[in-house]
Amino acid sequence: GQQVMQIPQYQHVQEGEDFTTYCNSSTTLSNIQWYKQRPGGHPVFLIQLVKSGEVKKQKRLTFQFGEAKKNSSLHITATQTTDVGTYFCAGPPGAQKLVFGQGTRLTINP
Amino acid sequence: KAGVTQTPRYLIKTRGQQVTLSCSPISGHRSVSWYQQTPGQGLQFLFEYFSETQRNKGNFPGRFSGRQFSNSRSEMNVSTLELGDSALYLCASSSFSDGYNEQFFGPGTRLTVL
């Protein structure tokens, strides 16, 4: 079936360092969404990318959607303790259900 | 607007019992999806409802079922509970008719099966 793989599974950084998580799909996605889940919380929508090669920025966060619409990345510049949480990518392969990646858990050493 | 609400927030059941979880979407949202979240499996799609019709279903056994009411509120039911059903069950609503765009998640119901 359709799969969305996300790496790394865990990432620990020093505050101020950069962080990147990658998402790869086995099939073309009509869009890619990114969510953040704080410890003990629920996933919160961050952004949606639709176009091939699209790049969007939200302050220190940069999101990219690959040319083939099968991969995506989230990059955080100069991490802060408020960035702690698990970051999920999700995409609907074609018109199918939303498939989530396994998530990247980010922890930060202040 | 009020967010997605789920009740109850916590539930403890024993094997063999059944459970019903409730979800009230954001006002005006007609698409409601359910997910199971476990540490080992991540977020797994259960099913999605739109206008009282189940439009898509994940790879879960028939013990997992759901429904949606005319006011878009949704319930999911798990019968004959197993230990492996212990998880956080998340409901998400969407304003988009295709249900595969921005999802607004509720706080979840944490189910523990003993």
Side-chain angles (χ1 to χ4, degrees), chain A residues 1-10 21 23-51 54 56 58 63 65 69 72 85-107, chain B residues 1-7 9-10 21 23-26 29 31-50 53-60 64 66 87-111:
Chain A
Q2 298 93 0
Q3 286 197 5
V4 176
M5 306 301 293
Q6 203 173 337
I7 57 169
Q9 193 173 357
Y10 303 97
T21 173
C23 184
N24 289 286
S25 170
S26 57
T27 59
T28 301
L29 302 171
S30 56
N31 69 69
I32 190 85
Q33 301 163 39
W34 286 91
Y35 293 80
K36 176 184 178 181
Q37 185 174 21
R38 294 180 185 273
H42 56 274
V44 174
F45 176 83
L46 292 176
I47 206 161
Q48 177 175 287
L49 305 173
V50 179
K51 299 177 184 176
E54 190 170 12
K56 285 189 177 180
Q58 287 181 349
F63 305 84
F65 199 11
K69 302 184 78 172
S72 181
T86 300
Y87 293 84
F88 293 95
C89 63
Q96 298 299 312
K97 58 186 182 289
L98 201 59
V99 177
F100 278 78
Q102 288 291 85
T104 296
R105 184 179 171 190
L106 172 64
T107 54
Chain B
K1 275 187 181 178
V4 177
T5 58
Q6 291 187 247
T7 56
R9 293 292 310 278
Y10 303 92
L21 312 181
C23 169
S24 292
I26 290 173
H29 287 192
S31 169
V32 174
S33 297
W34 288 89
Y35 297 86
Q36 181 195 66
Q37 186 174 34
T38 58
Q41 296 297 318
L43 273 161
Q44 300 289 311
F45 174 82
L46 281 154
F47 24 66
E48 188 247 345
Y49 287 87
F50 182 82
T53 300
Q54 186 184 89
R55 293 198 299 188
N56 220 327
K57 192 177 189 303
N59 298 322
F60 279 82
F64 291 81
L88 179 67
Y89 289 88
L90 292 159
C91 160
S93 73
S94 175
S95 62
F96 291 88
S97 60
D98 63 11
Y100 307 127
N101 287 279
E102 178 180 355
Q103 303 281 304
F104 291 84
F105 283 85
T109 294
R110 184 162 297 281
L111 172 64

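Letters A, B, ... are given to chains in the order of the sequence lines, protein chains preceding strands, and every chain is numbered from 1. Bear in mind the structure is a predicted one, so any value in this text is a computation, not a measurement.
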Sub-4.5 Å side-chain heavy-atom contact between A:Leu98 and B:Ser33: no

Side-chain heavy atoms of A:Gln37 within contact of B:Phe105, under 4.5 Å: no

Interface moiety of B:Leu43 toward chain A, non-hydrogen atoms closer than 4.5 Å: both

Closest heavy-atom pair and its distance - A:Tyr35, B:Gln103: OH-N, 3.0 Å

Side chain B:Tyr35, main chain A:Phe100, donor-acceptor under 3.5 Å: no

